[in-house]
Amino acid sequence: MTKAKRQPVDEPIDLAAVDNIVRRTGTTADAAIPILQAIQSHFRYLPQEALEHVCRTTEITAAQIAGVSTFYSQFRHKPVGRHMVRVCHGTACHVAGAPLITEALRRHLGIDDDHEDTDADRLFTIEKVPCLGCCSLAPCMTIDDVTYGKLTPHKATMIIDKVRKESGR
Amino acid sequence: MSDHNVKEIRVGLATCGIASGGRPVHEAVHEAARRHGLHVPVKAVGCSGLCHQEPIVEVVSTDGRRQVFGGVRPAEARRIVRDCVTPRGMVGKAMAWAGRMADLLLSDEAWVSVKPFAAHPESATEAGQAGEQKLIVLENCGQIDPLCIDEYLARGGYAALRRCVADMTPQQVIDAVTQSGLRGRGGGGYPTGLKWATARSQQDSTRYVVCNADEGDPGAFMDRLVLESDPQRVIEGMAIAAYAIGAAEGYIYIRAEYPLAVRVLREAIAQAERAGYLGQGILGTGFSLRLHVMEGAGAFVCGEETALMASIMGRRGMPRFRPPYPAESGLWGKPTSVNNVETFACVPWIVRHGSAAFAAIGTERSKGTKVFALAGRIRRGGLIEVPMGTTIRDVVENIGGGMHEGRRFKAVQIGGPSGGCIPASMADLPIDYEALTRTGAIMGSGGLVVLDDSDCMVDIARFFLEFTEKESCGKCTFCRVGTRRMLDILERLCDGKGHPEDLDDLEMLCDQVRHTSLCGLGRTAPNPVLTTLRYFRDEYEAHLQGRCPARKCKALIAYRVTDTCIGCTRCAQRCPVQAIQPTPYEQHTIDAEKCIRCGMCKAGCPADAIVVE
């Protein structure tokens with residue numbers, strides 16, 4: 001349980017961490033992306049309070065933060081599940097059946113809503129990514145830092161079950 | 001004690017190697033080497049380009065002979081190490097013999113040793129990616145430890161930079177690059193020497209050099225692999241460029257999706273600084289260069305140079321009008337040369353071997369080599385480097401090993417979302433900037449995905465439009481709205497709900513988006529549609545009639561159980577929507593109403609009794 005640090009939604013945001021980040025990156029406008037990246041790697045998403053704190057302590061305006069953080073697909077404004085599942089949808093993976101993998105995983109985790117990407121237990125977040133760069137292993141996905149290649153829809157769901165079991169659910 | 005003639009053992013640990021299970025193999029080799037008293041370096045190297053064979057273990061002998069083992073698992077890794085050593089003395093020999101016998105008794109495959117499949121991509125003879133490769137950019141990949149600058153130096157690294165700063169004026173460096181005929185490898189094909197000359201000729205003395213490693217094309221991983229396997233080469237190329245244009249600061253803009261490459265690159269920069277190849281007073285001269293690594297945040301459009309610079313400056317990555325070109329007015333309004341990873345990686349070779357040697361390779365207007373990420377329906381995928389002018393057929397059949405059993409080569413998709421599909425009938429086309437542009441595709445950054453008769457070309461076009469529509473930054477109306485309209489039509493076609501006038505509308509939209517967009521993303525977004533329309537119009541027409549010839553588009557296919565069904569009920573167990581009732585020992589049937597065409601039943605059928613119609 002200690003492995004993944006998930007920030008529950010209602011827990012207060014640790015603004016000291018934001019201060020540390022800003023100290024490291026500087027307060028100029030060109031530091032906006034590195035600051036957002038560091039905040040996201042700390043909280044695993046961009047909490048509103050943390051962003052407001054950045055506006056107060058740097059030269060970066062709220063407009064710039066809003067613009068940049070919604071422009072780049074890396075940034076997330078909602079908390080994620082404990083495990084990030086990234087299904088590769090590169091060309092090689094697409095022709096090898098990536099859409100079937102994503103569908104099977106969503107179905108398996110009971111994620112019906114098209115706008116939702118996290119299961120009800122908040123254990124897995126499924127993300128479609130353009131290319132993981134492991135084209136010879138197509139179709140492939142990563143769960144956190146581990147890559148799984150040469151998938152079939154069935155194999156992918158079995159891997160999810162295995163990871164779920166290992167996290168004790 | 002034991003005898004051996006091993007110089008070193010290499011284990012491929014780039015992203016592809018790790019993904020295939022290279023880490024436990026690396027540990028097993030380490031452990032086995034220790035146990036057998038084999039005191040030689042066990043190196044974690046990058047990728048040699050033979051991704052389809054990962055995890056790879058390579059044993060290099062003292063006489064330079066190289067044995068490559070592919071698809072190695074930890075148990076086999078131990079055996080490879082054991083077979084390298086000849087134990088001394090009767091007791092040792094007897095023990096080794098006993099060990100081998102025990103292997104034979106305990107496992108079925110003890111004597112099915114892993115086959116070394118190729119000595120080296122360049123001299124390969126049998127199953128490897130043999131043939132017509134020529135390694136310039138990849139010459140060190142998979143052979144040196146990327147985190148050890150000494151290994152790069154031992155292979156002639158930084159000799160080119162040393163020569164530039166000691167014996168050449170910046171103008172001479174630019175002339176050498178111009179004469180070599182090197183053109184931008186990121187896709188545009190703009191002459192590198194000319195770009196540098198423009199940057200150098202600007203009044204402003206604060207100048208920047210930028211390495212574009214925002215490799216966003218789905219299906220392309222050349223830059224990742226070069227940065228993970230031989231980062232010093234790219235740094236050296238950047239240092240030479242900085243010397244040539246007079247820059248003292250540089251940025252490497254790299255995708256955040258490549259965590260290993262980012263880590264390797266940062267460490268490599270630190271090592272180069274410590275060794276005096278970066279920083280203040282490089283190699284005892286007055287030339288200084290500081291390099292920064294900037295991680296991208298996941299926007300494909302940032303591969304476009306003006307968008308990339310906006311991103312470095314902390315803004316939304318949106319392109320702007322050119323001119324002024326970045327070489328005139330780039331980062332913070334200063335002259336900036338933006339070049340691709342592969343372009344920089346060519347530069348040290350050009351300086352070391354001379355412009356003439358580089359210009360001797362390739363075709364009349366496209367010089368040198370090109371690295372391709374070869375993937376898709378071929379037998380041997382991976383990273384390859386071929387001289388310009390090599391035909392597509394050579395790449396697919398000789399290097400890629402052709403199609404899988406029973407499949408027919410249909411097309412290659414080259415250049416990703418900006419490129420197009422070239423049909424098999426044109427496979428004798430040489431790879432060269434102009435020849436590819438004439439087909440309606442582009443050279444692109446080097447993604448090369450091979451497609452066979454099970455791939456639907458309408459679906460491929462839809463796939464790329466889905467990508468560009470999502471990645472369009474929204475600045476130009478036709479790119480923002482036009483790609484959406486094109487995607488609507490393509491989705492309709494894939495659903496079998498196309499209208500007869502759709503194909504004409506598609507062509508019109510392609511034309512409009514292409515001519516009214518500011519940057520390369522919009523201007524090339526129609527290419528996947530235009531090329532498939534041009535070469536595979538029959539498939540579009542089939543979709544209009546409600547047929548998908550490749551049986552790929554879900555709305556146009558049905559699954560059926562044939563009479564070869566053995567009644568094992570496995571399909572019924574796997575079906576997520578209970579469209580198949582379990583009927584043991586009887587032929588199963590699929591309820592077409594319930595079926596969601598997920599393919600789970602077909603994938604799990606042991607009798608291959610489920611067909612798609």
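Below, all heavy atoms of this structure are taken into account, side chains as well, without hydrogens, waters or symmetry copies. Letters go in sequence order (proteins before strands), and every chain restarts at 1.
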Side chains of C131(A) and D217(B) in contact at under 4.5 Å (non-hydrogen atoms): no
Check: Q37(A) main-chain N/O paired with E295(B) side-chain donor or acceptor under 3.5 Å: no
Chi angles and distances behind the side chain to side chain contact (heavy atoms under 4.5 Å, CB included) call for F463(B), V95(A): CA-CA 10 Å; F463(B) 165 74; V95(A) 298; over 6 Å; no
Validation row: F464(B), T91(A) side chains within 4.5 angstrom (heavy atoms): yes
Segment of V450(B) engaging chain A (4.5 angstrom heavy-atom cut-off): neither
Part of E466(B) within contact of chain A (heavy atom distance under 4.5 Å): side chain
Backbone of F71(A) reached by a side-chain donor or acceptor of R316(B) within 3.5 Å: no
Region of A138(A) that comes under 4.5 Å of a non-hydrogen atom in chain B: neither
Heavy-atom side-chain proximity of H94(A) to D459(B) below 4.5 angstrom: yes
Within-4.5 Å side-chain heavy-atom neighbours: V129(A) and E257(B): no
Contact leader toward chain B among G67(A), A32(A), A96(A), where contacts are heavy-atom pairs under 4.5 Å: G67(A)
Check: G382(B) main-chain N/O paired with S136(A) side-chain donor or acceptor under 3.5 Å: no
Heavy-atom neighbours of R570(B) CZ exceed 12 at 6.0 Å: no
Side chain / backbone / both / neither for I312(B) at chain A, heavy atoms under 4.5 Å: backbone
Any donor-acceptor pair under 3.5 Å from Y72(A) side chain to G317(B) backbone: yes
Residue pair T147(A) / I18(B), side-chain heavy-atom distance below 4.5 Å: no
F221(B) and L132(A), any side-chain heavy atoms less than 4.5 Å apart: no
Pairs of heavy atoms under 4.5 Å with chain A: top-ranked of E215(B), M222(B), R255(B): R255(B)
Chain B interface, residue from P153(A), C134(A), P99(A) that has the most non-hydrogen pairs under 4.5 Å: P153(A)
Which of S20(B), C302(B), A19(B), C16(B) touches chain A most, by non-hydrogen pairs under 4.5 Å: A19(B)
Part of L225(B) within contact of chain A (heavy atom distance under 4.5 Å): neither
Option that, when pairs with chain A are counted at under 4.5 Å, heavy atom only, ranks first among G216(B), A603(B), S454(B), G219(B): G219(B)
R107(A) atom CZ: more than 12 heavy-atom contacts under 6.0 Å: yes
Residues E103(A), R597(B): salt bridge by 4.0 Å N-O rule: no
Among the listed options P576(B), A297(B), G599(B), the residue most often paired with chain A at heavy-atom distances under 4.5 Å: A297(B)
Beyond-backbone contact of S311(B) with I33(A), side-chain heavy atoms, under 4.5 angstrom: yes
Choice from T70(A), T157(A), T152(A), V68(A) maximising heavy atom contacts with chain B below 4.5 Å: V68(A)
Leading residue by heavy atom contact count with chain B [cutoff under 4.5 Å; candidates Q74(A), Q64(A), H89(A)]: Q74(A)
Side chain to side chain, F300(B) and P130(A), heavy atoms closer than 4.5 Å: no
